[in-house]
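Owing to the predicted nature of the structure, the values given are computational and were not obtained by experimental measurement.
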Amino acid sequence: MADDLLSDPCCAFHRNVEISARYAWLYTLRPGCFKWAAMAAIASHHVRLALFPLRLDADRTGYVDIPRSLRRPRLLLTQDVNTIRATNNAIFTDLFWVHLAYATAGGGIGRLRAVLHADRHYAPVLAGFEAIDQGRRALEDATASAAARARAGDLIWAGNVALLEHEQRAVVQPSFDRLSRSSAWLVAVGSATTFEVRGVRQEIADFTSFYLYSFTRGLPPALRARAWPRITRFEDRWRWLVSSVVPRFRRFGADTHLVDASLRRILDEARDFASAPCVLPRSPADRPPRAARPRRWHRPRPPR
């Protein structure tokens with residue numbers, strides 16, 4: 001069902017836009033709970049910038065010939081760019097459907113327990129959703145005190161951070177282990193987060209980057225480890241994410257208008273891309289190219 005929410009096989013850029021938009025849509029199903037989905041939408045939206053070298057092998061229709069790109073000289077780092085593309089796709093495959101099942105399947109957390117309890121890979125994910133569900137039920141209790149509601153909010157965030165850790169450890173890290181040193185350095189330089197907010201003052205308040213953190217607040221751990229901080233090393237990257245990125249996004253996410261505006265821009269971009277779908281490559285029988293099935297993107301209605 002999750003795969004069917006994406007268009008027929010299409011180029012790398014349309015796939016990235018669709019994935020980003022589906023995360024944004026997912027967040028609207030349970031905005032009080034699905035914090036990871038909002039962060040994933042913005043992160044996937046940023047990934048499109050890293051895919052730029054693939055545009056060198058786009059034909060007149062805009063379709064990107066990835067096999068041809070991979071034959072280019074290593075100077076363009078196309079192998080690593082393709083690894084980043086595949087990682088973004090893998091995160092969607094790994095975690096989107098779990099959120100969808102929790103939000104839409106009868107039973108919610110009971111359904112997840114039934115399908116995930118025997119799968120060791122998803123044990124951290126199930127634990128994260130257990131925390132999210134416990135926090136959600138506490139917030140829905142009209143008699144809950146202010147202190148209880150604050151604890152419930154912390155529990156929801158703890159569950160979402162558990163999902164982020166699973167994503168980084170189980171999906172991202174194996175891919176980052178394959179990156180060349182040059183690409184690892186570029187990923188670190190490009191790992192600056194602003195959460196797509198309009199207004200310079202707000203962007204400065206929410207800005208964070210891996211190297212800026214590593215050589216300020218993250219310097220003592222680096223000195224103790226006697227190792228140059230690397231974003232491709234899980235421990236270094238996770239320290240930055242949990243100490244800098246997540247707290248900033250939590251402050252940012254407290255203003256629902258800011259979050260809604262950021263995710264609305266992602267949905268609007270997906271709608272514009274859907275109006276001009278990419279064209280699939282010719283088949284082995286050399287039939288005329290077939291246009292990918294366009295999707296109509298409607299801004300989802302809030303759940304009743």
Side-chain angles (χ1 to χ4, degrees), residues 1-9 15 18-41 43-44 86-144 148-175 234 238 241-242 246 249-250 253 259 263 295 298 300-304:
M1 184 184 296
D3 288 342
D4 286 344
L5 291 175
L6 301 177
S7 295
D8 292 334
R15 175 66 73 234
E18 289 194 347
I19 286 175
S20 303
R22 285 307 176 189
Y23 286 143
W25 168 78
L26 191 67
Y27 169 80
T28 66
L29 298 181
R30 291 195 179 275
C33 298
F34 287 173
K35 311 300 184 181
W36 177 89
M39 291 188 288
S44 177
T87 303
N88 196 54
N89 293 350
I91 292 170
F92 179 88
T93 300
D94 192 57
L95 284 170
F96 181 88
W97 73 269
V98 187
H99 286 76
L100 190 64
Y102 177 80
T104 63
I109 191 64
R111 174 65 68 181
L112 290 191
R113 289 172 185 150
V115 299
L116 299 181
H117 78 281
D119 193 330
R120 293 180 59 186
H121 172 81
Y122 280 108
V125 175
L126 180 57
F129 271 97
E130 293 279 9
I132 291 170
D133 187 72
Q134 185 179 344
R136 179 184 64 82
R137 286 186 284 108
L139 288 179
E140 292 175 351
D141 182 359
T143 65
R149 295 180 68 83
R151 289 193 297 270
D154 290 340
L155 200 56
I156 287 173
W157 268 102
N160 279 275
V161 170
L163 301 182
L164 179 64
E165 183 176 6
H166 166 82
E167 167 210 307
Q168 291 294 317
R169 190 186 296 275
V171 184
V172 174
Q173 190 57 44
S175 295
F234 173 80
W238 182 245
L241 288 172
V242 77
V246 170
F249 188 85
R250 187 168 181 176
V259 178
L263 300 186
R295 294 280 183 183
H298 298 289
R301 298 177 180 176
R304 295 183 181 273

Engineer: Could you check whether any side-chain heavy atom of Val246 comes within less than 4.5 Å of a side-chain heavy atom of Trp157, counting everything from C-beta outward?
Structural biologist: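 Contact flag for Val246/Trp157 side chains = yes.
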
Engineer: If you round to the nearest 0.5 Å, how far is CD of Glu167 from CD of Gln173?
Structural biologist: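 Here the interatomic distance stands at 11.5 Å.
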
Engineer: Testing the basics here: between Leu155 and Ala131, what is the closest heavy-atom pair and its distance to 0.1 Å?
Structural biologist: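 Minimum heavy-atom contact is CG-O, 3.5 Å.
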
Engineer: Would Asp154 and Arg151 pass as an ion pair if we require N to O under 4.0 Å?
Structural biologist: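 Result for this pair is no, no salt bridge flagged.
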
Engineer: Can the ring centres of Tyr122 and His117 be said to be less than 6.0 Å apart?
Structural biologist: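 Centroid distance Tyr122-His117: not below 6.0 Å, so no.
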
Engineer: Verify whether the ring centers belonging to Phe92 and Trp97 lie closer than 6.0 Å.
Structural biologist: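 They do not qualify: ring centres at least 6.0 Å apart.
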
Engineer: Walk me through whether Trp238 and Leu164 qualify under side-chain contact (heavy atoms from CB on, under 4.5 Å).
Structural biologist: CA-CA 9 Å; Trp238 182 245; Leu164 179 64; 3.8 Å; yes

Engineer: How long is the span from the OG atom in Ser20 to the CH2 atom in Trp25, to the nearest 0.5 Å?
Structural biologist: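 If I round to the nearest 0.5 Å, the distance is 15.0 Å.
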
Engineer: State, to 0.1 Å, how close Ile132 and Cys33 come at their nearest heavy-atom pair, and which atoms those are.
Structural biologist: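 In terms of heavy atoms, the two residues are closest at CG2-CB, 3.7 Å.
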
Engineer: Would you check, one step at a time, whether the test side-chain contact (heavy atoms from CB on, under 4.5 Å) holds for His99 with Leu163?
Structural biologist: CA-CA 10 Å; His99 286 76; Leu163 301 182; 3.6 Å; yes

Engineer: Can you give me the closest heavy-atom contact between Ser44 and Ile19, atom names plus distance?
Structural biologist: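 That would be OG-CG2, 3.8 Å.
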
Engineer: Please name the pair of heavy atoms, one in Ala170 and one in His121, separated by the smallest distance, quoted to 0.1 Å.
Structural biologist: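 Taking every non-hydrogen atom into account, CB-CE1, 3.9 Å.
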
Engineer: Compare all side-chain heavy atoms of Leu95 with those of His166 and state whether any distance is below 4.5 angstrom.
Structural biologist: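 In short, these two side chains touch, coming nearer than 4.5 Å.
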
Engineer: Enter the distance from Arg169:CZ to Phe234:CZ here, rounded to the nearest 0.5 Å.
Structural biologist: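 It is 3.5 Å, given to the nearest 0.5 Å.
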
Engineer: Got a salt bridge between Arg22 and Glu18, using NZ or NE/NH1/NH2 to carboxylate O under 4.0 Å?
Structural biologist: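 Looking at Glu18 together with Arg22, the answer is no, because their closest N to O distance does not fall below 4.0 Å.
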
Engineer: Looking at CZ of Arg250 and CD1 of Ile156, how far apart are the two atoms once the value is rounded to the nearest 0.5 Å?
Structural biologist: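 CD1 of Ile156 is found 9.5 Å from CZ of Arg250.
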
Engineer: With a 3.5 Å distance limit and no angle check, can you tell me whether Thr104 reaches the backbone of Leu100 through a side-chain donor-acceptor pair?
Structural biologist: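 Here the side-chain-to-backbone pair exists.
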
Engineer: Identify the heavy atoms of Ala162 and Gly128 that sit nearest to each other, and give their distance.
Structural biologist: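 Here Ala162 and Gly128 meet closest at CB-CA, 4.0 Å.
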
Engineer: Answer yes when Arg137 and Asp133 have at least one side-chain N-carboxylate O distance shorter than 4.0 Å, and no when they do not.
Structural biologist: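 Salt bridge present between Arg137 and Asp133.
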
Engineer: Hey, could you give me the CE/OH distance between Met39 and Tyr27, rounded to the nearest 0.5 Å?
Structural biologist: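 Taking CE in Met39 and OH in Tyr27, the distance rounds to 11.0 Å.
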
Engineer: Between Phe34 and Tyr102, how do the two ring planes meet: parallel, tilted or perpendicular, split at 30° and 60°?
Structural biologist: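 Taking Tyr102 first and then Phe34, their aromatic rings sit tilted (interplane angle of 30° to 60°).
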
Engineer: Minimum heavy-atom separation for Ala2 and Phe96, please, with both atom names.
Structural biologist: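 Looks like CB-CD2, 3.6 Å.
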
Engineer: Is there a donor-acceptor pair under 3.5 Å between the side chain of Asn160 and the backbone N or O of Lys35?
Structural biologist: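 Answer holds: yes.
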
Engineer: Looking at CG of Asp94 and CG of Asn89, how far apart are the two atoms once the value is rounded to the nearest 0.5 Å?
Structural biologist: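 Answer rounded to 0.5 Å: 12.5 Å.
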
